Colleague: 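I have a structure I would like to understand better, so I am pasting it below and will then ask my questions one at a time.
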Number of protein chains: 2
Amino acid sequence: MARSTNTQFAVAVHVLTMLAGVTDGRAMSSEELSKSANVNAVYVRRVLGHMRNAGLVRSRPGVNGGWELVADAAQIKLREVWQVLQGDEPVLGLHGPDPTCVTGRSVQKSLASIDRTVADAVATALGYFTVQDVLEGVPDAAQLLNAE
Amino acid sequence: MARSTNTQFAVAVHVLTMLAGVTDGRAMSSEELSKSANVNAVYVRRVLGHMRNAGLVRSRPGVNGGWELVADAAQIKLREVWQVLQGDEPVLGLHGPDPTCVTGRSVQKSLASIDRTVADAVATALGYFTVQDVLEGVPDAAQLLNAE
DNA sequence: TCAATATGTAGCTACAATGATTACGAATTA
DNA sequence: TAATTCGTAATCATTGTAGCTACATATTGA
């Protein structure tokens with residue numbers, strides 16, 4: 001029920017992986033990237049803009065322009081991608097209880113604290129994966145369980 | 001950026017905490033609960049309906065009717081509340097890449113696997129807290145850090 | 001039995017988030 | 001100089017979320 005409908009993270013990982021897969025030194029255009037991710041090119045530019053602000057990619061306009069990875073794909077943790085997009089926004093959906101209700105305020109505070117704990121857990125989990133891992137293919141959760 | 005705008009989890013925790021705080025044995029109406037959570041009574045009934053299906057609360061109509069906790073508040077982990085509402089829905093927002101793009105399909109599979117890892121991490125983190133904890137007040141994340 | 005109270009749920013609406021689309025200026029290259 | 005690509009604003013369509021109304025059903029108490 002509480003699915004996130006925001007695909008920025010998925011799209012970011014997708015296009016970063018595409019860029020990591022470039023063998024010749026050429027740049028990829030937002031148009032090209034958007035085709036594979038099946039989203040709009042403007043959207044790709046917006047998402048990659050955040051990645052550029054974080055120093056993960058560079059872009060240049062014009063003929064043969066486009067986007068390139070700056071860092072080594074094996075050094076880019078998905079944790080960083082997540083944090084660039086997520087910032088300090090809550091992970092759990094928080095509500096706005098009646099400010100005059102004592103219990104309501106207390107619950108609100110607790111939920112905010114719990115949200116930080118969960119956000120840390122998400123960040124830690126995403127720290128296990130790099131763009132290089134995605135490029136090589138992260139094994140199935142089921143496979144991982146069997147391997148234990 | 002990827003904030004969840006779904007407040008069902010927060011509202012569920014809120015009203016369960018309210019129910020946990022009842023000292024006399026009376027039931028609380030959805031109307032009463034909705035006031036404190038600052039949401040609509042119908043919405044409260046919908047959310048609590050899921051909690052009832054999970055066996056956490058019971059309800060009865062009529063005069064002096066309303067909602068009561070079934071389980072001990074100290075035994076209800078937020079993990080369970082989360083899972084009741086979340087089910088197997090992805091935590092990260094996933095996209096729908098071009099199905100004819102090989103890399104796209106591969107990335108999609110990896111993201112699905114990573115999503116399961118993150119979902120497990122969230123569930124584990126929420127396993128640390130119970131409704132009773134929220135009733136008593138979960139300490140600030142900052143306070144927790146200072147206590148280390 | 002009857003009135004009052006609450007749930008259970010369908011249906012409609014308002015609002016907000018997301019991402020598509022269009023448009024165009026600026027930068028770059030061949 | 002023409003073609004290409006980014007950067008970004010503005011607008012629109014779609015979807016998810018939750019509010020709201022309405023009413024059938026169940027329960028209680030007088």
Side-chain angles (χ1 to χ4, degrees), chain A residues 1-12 14-15 19 25-35 37-53 57-68 70 85-87 89-98, chain B residues 1-12 14-15 18-19 25-53 57-68 70 85-87 89-98:
Chain A
M1 280 290 191
R3 113 181 344 124
S4 171
T5 58
N6 187 321
T7 63
Q8 287 188 63
F9 176 73
V11 169
H14 188 121
V15 297
L19 295 178
R26 76 191 184 84
M28 289 184 81
S29 72
S30 60
E31 186 67 29
E32 197 174 359
L33 293 165
S34 74
K35 291 281 174 42
N38 205 25
V39 294
N40 192 275
V42 174
Y43 186 45
V44 167
R45 293 204 288 273
R46 279 202 281 249
V47 171
L48 278 177
H50 290 119
M51 299 302 120
R52 186 185 46 224
N53 294 343
V57 299
R58 66 172 154 250
S59 66
R60 61 167 187 281
V63 179
N64 295 327
W67 301 83
E68 284 173 319
V70 169
L85 296 171
Q86 187 72 10
E89 290 299 312
V91 174
L92 307 173
L94 301 182
H95 71 319
D98 178 358
Chain B
M1 279 289 189
R3 107 167 7 112
S4 172
T5 57
N6 186 322
T7 63
Q8 286 188 65
F9 176 74
V11 169
H14 188 119
V15 296
M18 296 287 291
L19 295 179
R26 76 192 183 86
M28 289 184 81
S29 71
S30 59
E31 186 67 30
E32 196 174 357
L33 292 165
S34 74
K35 291 279 173 43
S36 168
N38 206 26
V39 294
N40 191 274
V42 174
Y43 187 45
V44 167
R45 293 204 287 272
R46 279 202 279 248
V47 171
L48 278 178
H50 290 118
M51 300 301 121
R52 185 186 47 223
N53 295 342
V57 299
R58 66 172 154 251
S59 65
R60 62 167 187 280
V63 178
N64 295 327
W67 301 82
E68 282 173 319
V70 168
L85 295 172
Q86 186 72 11
E89 291 299 312
V91 174
L92 307 173
L94 301 181
H95 70 317
D98 179 357

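Bear in mind the structure is a predicted one, so any value in this text is a computation, not a measurement. Naming convention: chains lettered A, B, ... in sequence-line order (proteins, then strands); numbering from 1 in each chain.
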Colleague: Quickly work out the Leu94(B) CG to dT18(C) P distance and round it to whole Å.
Modeller: 15 Å
Colleague: Contact class for Val42(B) vs. all strands (heavy atom < 4.0 Å): base, sugar-phosphate, or nothing?
Modeller: base
Colleague: Using modelled atom types only, decide if a donor and an acceptor are shared between the side chain of Ser29(A) and the backbone of Glu32(A) within a distance under 3.5 Å.
Modeller: yes
Colleague: Return the value, rounded to whole Å, for the distance between atom CD of Glu31(A) and atom C1' of dA3(D).
Modeller: 15 Å
Colleague: Using the side chain to side chain contact (heavy atoms under 4.5 Å, CB included) criterion, which residues pair with Ala12(A)? Sequence neighbours excluded.
Modeller: Val47(A), Met51(A), Val81(A), Leu85(A)
Colleague: Assess whether one donor atom and one acceptor atom, taken from the side chain of Arg45(B) and the base of dT9(C), lie less than 3.5 Å apart.
Modeller: yes
Colleague: Rounded to whole angstrom units, what separation is found between the CZ atom of Phe9(B) and the C1' atom of dA18(D)?
Modeller: 19 Å
Colleague: What do the steps show when you test Met28(A) against Val15(A) for side chain to side chain contact (heavy atoms under 4.5 Å, CB included), and what is the final call?
Modeller: CA-CA 10 Å; Met28(A) 289 184 81; Val15(A) 297; over 6 Å; no
Colleague: Quick one: does any side-chain atom of Ser34(B) pair with a main-chain N or O of Glu31(B) as donor and acceptor, under 3.5 Å?
Modeller: yes
Colleague: Would you indicate which nucleotide in dT8(D), dT29(C), dT28(D) comes nearest to any side-chain atom of Arg52(A)?
Modeller: dT8(D)
Colleague: Think Arg58(A) has a side-chain N or O under 4.0 angstrom from the OP1 or OP2 of dC6(D)?
Modeller: no
Colleague: At less than 4.0 Å, is any side-chain N or O atom of Ser59(A) found next to OP1 or OP2 of dG7(D)? Yes or no.
Modeller: yes
Colleague: Any base atoms under 4.0 Å from Gly62(B), or only sugar-phosphate, or nothing? Heavy atoms, all strands.
Modeller: base
Colleague: Between dA18(D) and Asn6(B), is there an OP1 or OP2 to side-chain N/O distance shorter than 4.0 Å?
Modeller: yes
Colleague: So, taking the atom named CD in Glu89(A) and the one named CG in Leu94(A), what distance separates them when rounded to the nearest 0.5 Å?
Modeller: 10.0 Å
Colleague: At less than 4.0 Å, is any side-chain N or O atom of Asn64(A) found next to OP1 or OP2 of dA30(C)? Yes or no.
Modeller: yes
Colleague: Rounded off to whole Å, could you give me the CD-to-P distance for the Glu32(A) and dT4(D) pair?
Modeller: 14 Å
Colleague: Would you mind telling me which residue lines up with the more 5' stretch of DNA chain C, Tyr43(A) or Pro61(A), judged by nearest nucleotide?
Modeller: Tyr43(A)
Colleague: Can you check the Leu19(A) CG to dC6(D) P distance for me, whole Å?
Modeller: 11 Å
Colleague: Using atom CG of Leu33(B) as one end and atom P of dA6(C) as the other, report the distance to the nearest whole Å.
Modeller: 12 Å
Colleague: Starting at atom CG of Leu48(B), determine the distance to atom P of dA18(D), rounded to an integer number of angstrom.
Modeller: 14 Å
Colleague: Please walk me through it: do Phe9(B) and Gln86(B) pass side chain to side chain contact (heavy atoms under 4.5 Å, CB included)?
Modeller: CA-CA 9 Å; Phe9(B) 176 74; Gln86(B) 186 72 11; over 6 Å; no
Colleague: Would you say Thr5(A) reaches dA17(C)'s phosphate, i.e. side-chain N/O to OP1/OP2 under 4.0 Å?
Modeller: no
Colleague: Is the phosphate of dA18(D) approached by Thr7(B) (side-chain N or O, under 4.0 Å from OP1 or OP2)?
Modeller: yes
Colleague: Separation of Met28(A) atom CE from dC6(D) atom C1', in whole Å?
Modeller: 16 Å
Colleague: Would you say Asn40(B) places a side-chain N or O within less than 4.0 Å of OP1 or OP2 belonging to dA18(D)?
Modeller: no
Colleague: Which comes earlier along DNA chain C counting from the 5' end, the contact point of Ser29(B) or that of Arg46(A), where each point is its nearest nucleotide?
Modeller: Ser29(B)
